[in-house]
Protein chains: 2
Amino acid sequence: MVETTRRREIEEAASSLFRERGYSGTSVRDIARALDIQGASLYAHVTSKQDVLWSIVERMATRFETSATAASAAVGSDPAAQLAALVRNHVLVVTDDIERASVFVHEWRALSSERRTEMARRRDAYERRFRTVIAAGTDAGVFAPVDPNVAAAYVLTALNGMVAWYRPGGRIGPEVLADSYADLSMRAVLAKGTVPGGPA
Amino acid sequence: MVETTRRREIEEAASSLFRERGYSGTSVRDIARALDIQGASLYAHVTSKQDVLWSIVERMATRFETSATAASAAVGSDPAAQLAALVRNHVLVVTDDIERASVFVHEWRALSSERRTEMARRRDAYERRFRTVIAAGTDAGVFAPVDPNVAAAYVLTALNGMVAWYRPGGRIGPEVLADSYADLSMRAVLAKGTVPGGPA
DNA sequence: CCTACCGATCGGTAGG
DNA sequence: CCTACCGATCGGTAGG
């Protein structure tokens with residue numbers, strides 16, 4: 001599917017509706033109504049409702065992946081700095097596109113089985129970045145002796161939980177939020193008395 | 001509606017399906033099939049699909065509320081001990097009924113508007129317990145100077161995030177998990193150099 | 001708890 | 001992008 005303006009508008013309207021009502025709770029006609037066209041007219045631009053979900057989820061997955069890689073590369077190998085960079089980056093991606101991020105977090109289960117399997121793999125690889133860096137910090141003694149799987153799940157679900165409450169333009173901006181979440185996450189895993197490694 | 005065995009079985013099957021596919025993604029016939037009866041036969045026991053969702057969500061809400069109150073009362077007024085008790089309690093409620101807990105966390109949005117409003121109010125009151133105790137700790141200087149709203153959201157979404165990955169009978173039991181999550185949460189908010197207040 | 005059935009809505013196609 | 005339409009499925013009711 002070529003990427004047209006209309007196509008982008010459909011994805012945007014769908015993201016908003018999928019966030020509010022879920023994929024199953026949103027009909028093709030709901031999406032069309034948001035764009036003031038007929039339900040059947042959507043199919044001039046997309047091949048299926050499932051494809052719209054896929055492009056939303058896939059786009060966000062790629063964004064999380066590439067920007068995590070960039071954030072990681074920007075800070076050197078210190079586990080504390082690495083974790084802070086991953087957390088800050090994640091918050092910034094979420095706040096930058098809260099609707100697609102929400103769909104990414106909650107609706108990937110509605111993907112058809114092949115795509116769902118691919119996404120499960122990519123999500124797992126993403127979570128592994130957190131596990132690995134936490135394990136490294138724990139081994140180095142700079143982090144408390146936490147179970148890296150539990151700690152990574154804890155931090156990552158806290159980050160993803162943002163999609164449930166964050167609204168753009170609110171009291172707290174993305175940068176402040178990124179710092180707060182990084183502070184909370186660093187403290188959660190740091191050994192007592194350690195000085196937190198700040199963001200890059 | 002009287003609480004019969006059959007009624008309980010329906011709620012159980014529905015919890016499992018709602019968790020897997022969401023409320024909108026689950027049909028009345030899906031629930032019936034899980035119980036080896038006809039779709040229409042369900043209506044001998046429930047008045048609507050919506051009522052099944054409500055009883056699941058309401059039951060869990062009450063469980064979270066009453067057991068948080070009990071946990072809070074069991075530990076004295078020290079903010080650190082209070083927060084640890086709230087976290088431990090939450091983890092234990094979630095792990096004790098992971099399927100209903102998952103529906104409670106994710107599907108309350110599918111409630112009809114009146115019930116949804118009530119649940120929003122009760123969820124907010126529950127979150128306020130966390131905010132209040134965090135604010136008290138921050139004021140007392142035992143917690144780091146975090147924004148209580150942000151910190152409470154962080155901790156509570158991490159706790160609720162358990163429904164996405166926890167499976168009963170796994171490597172880590174509920175008690176160990178409750179301790180781990182309490183440790184992570186305490187460290188996240190404690191001021192540097194403070195000795196964590198343990199669970200009750 | 002069953003059979004038989006209801007109107008409404010679903011995702012999607014045909015053919016312009 | 002529209003009208004007209006498809007078969008399938010939806011939540012729920014009637015009447016046993």
Side-chain angles (χ1 to χ4, degrees), chain A residues 1-58 103 106-116, chain B residues 1-58 103 106-116:
Chain A
M1 275 272 151
V2 200
E3 172 96 19
T4 61
T5 307
R6 203 46 160 168
R7 167 78 202 208
R8 195 53 97 96
E9 287 169 351
I10 291 169
E11 226 188 86
E12 225 119 84
S15 295
S16 174
L17 288 163
F18 290 170
R19 183 189 190 193
E20 275 175 46
R21 316 178 188 181
Y23 176 77
S24 304
T26 303
S27 75
V28 164
R29 283 157 183 85
D30 289 333
I31 301 170
R33 196 176 307 118
L35 298 162
D36 265 310
I37 59 175
Q38 295 300 310
S41 303
L42 265 183
Y43 291 88
H45 304 97
V46 305
T47 56
S48 68
K49 183 186 165 192
Q50 175 71 213
D51 271 343
V52 177
L53 175 61
W54 173 248
S55 57
I56 294 167
V57 171
E58 209 281 329
V103 175
H106 286 129
E107 303 303 327
W108 70 278
R109 293 172 151 278
L111 252 19
S112 63
S113 70
E114 250 173 279
R115 288 166 162 178
R116 189 179 155 149
Chain B
M1 276 270 152
V2 201
E3 172 94 21
T4 61
T5 307
R6 201 49 160 167
R7 167 78 201 209
R8 195 54 96 96
E9 287 169 350
I10 291 170
E11 225 188 86
E12 225 119 85
S15 295
S16 174
L17 288 163
F18 290 170
R19 183 189 190 193
E20 275 174 48
R21 317 179 188 178
Y23 176 77
S24 304
T26 303
S27 75
V28 164
R29 284 159 181 83
D30 289 333
I31 301 171
R33 196 176 308 117
L35 298 162
D36 265 310
I37 59 176
Q38 294 300 310
S41 304
L42 264 183
Y43 290 88
H45 304 98
V46 305
T47 56
S48 69
K49 183 186 164 190
Q50 175 70 214
D51 271 342
V52 177
L53 175 62
W54 173 249
S55 57
I56 294 167
V57 171
E58 210 282 328
V103 174
H106 286 129
E107 303 301 327
W108 70 279
R109 293 172 153 276
L111 252 19
S112 63
S113 70
E114 251 173 277
R115 288 166 162 178
R116 189 178 154 150

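Proteins come first, then strands; the chains are lettered A, B, ... in the order of their sequence lines, and each starts at number 1.
A pairwise comparison of heavy atoms in B/Val28 and B/Lys49 identifies CG2-CB, 3.9 Å as the closest pair.
Residue B/Ser24 is out of contact with every strand shown, counting any heavy-atom pair closer than 4.0 Å.
The separation between B/Asp51 atom CG and D/dT13 atom P is 11 Å, rounded to whole Å. As a whole-Å value, the separation of B/Tyr43 OH from C/dC6 P is 18 Å. Counting to the nearest Å, the P atom of D/dT9 and the CZ atom of B/Arg21 are 13 Å from each other. The CD1-C1' distance, from B/Ile31 to D/dC10, rounds to 13 Å in whole Å. As a whole-Å value, the separation of A/Arg33 CZ from C/dG11 P is 11 Å. Separating the CG atom of B/Leu35 from the P atom of C/dC1 is a distance of 8 Å, rounded to the nearest angstrom. To the nearest angstrom, P of C/dG11 lies 14 Å from CD1 of A/Ile10. We find that CG of A/Leu42 is positioned 14 Å from P of D/dT3, with the value rounded to whole Å.
Nearer to the 5' terminus of DNA chain C, by closest-nucleotide assignment, is the contact made by A/Asp30 (compared with the other of A/Asp30 and A/Ser41).
The NE2 atom of B/His106 lies 15.0 Å from the CZ atom of B/Phe18; values are rounded to the nearest 0.5 Å. Here the straight-line distance linking atom CG of A/Leu42 with atom CZ of A/Arg6 works out to 8.5 Å at 0.5 Å rounding. If you take NE2 on A/His45 and CD1 on A/Ile37, they are separated by 6.5 Å, rounding to the nearest 0.5 Å.
Checking D/dG7 for Watson-Crick or G-U wobble geometry (two distances, each under 3.5 Å) identifies C/dC10 as its partner. Using N1 to N3 plus N6-O4 or O6-N4 for Watson-Crick, or N1-O2 and O6-N3 for G-U wobble, each under 3.5 Å, D/dG16 pairs with C/dC1.
You'll find that the side chain of A/Gln38 is closest to D/dC2, out of C/dG12, D/dC1, D/dC2. Checking D/dA4, D/dG11, D/dC1 against the side-chain heavy atoms of A/Ile37 singles out D/dC1 as nearest. Listed candidates were C/dA4, D/dG11, D/dC1. Nearest to the side chain of B/Arg29 is D/dG11. Comparing C/dC1, C/dT3, D/dG12 against the side chain of B/His45 picks out C/dC1 as the nearest. Of the candidate nucleotides C/dG11, C/dA4, C/dT13, C/dA4 has the atom lying nearest to any side-chain atom of B/Ala40.
A salt bridge is absent between A/Glu11 and A/Arg8: the closest approach of a Lys/Arg side-chain nitrogen to an acidic carboxylate oxygen does not fall below 4.0 angstrom.
Note on A/Ser27: every side-chain N or O is 4.0 Å or more away from OP1 and OP2 of C/dT9. Distances shown here put a side-chain N or O of B/Arg6 below 4.0 Å from the OP1 or OP2 atom of C/dC1.
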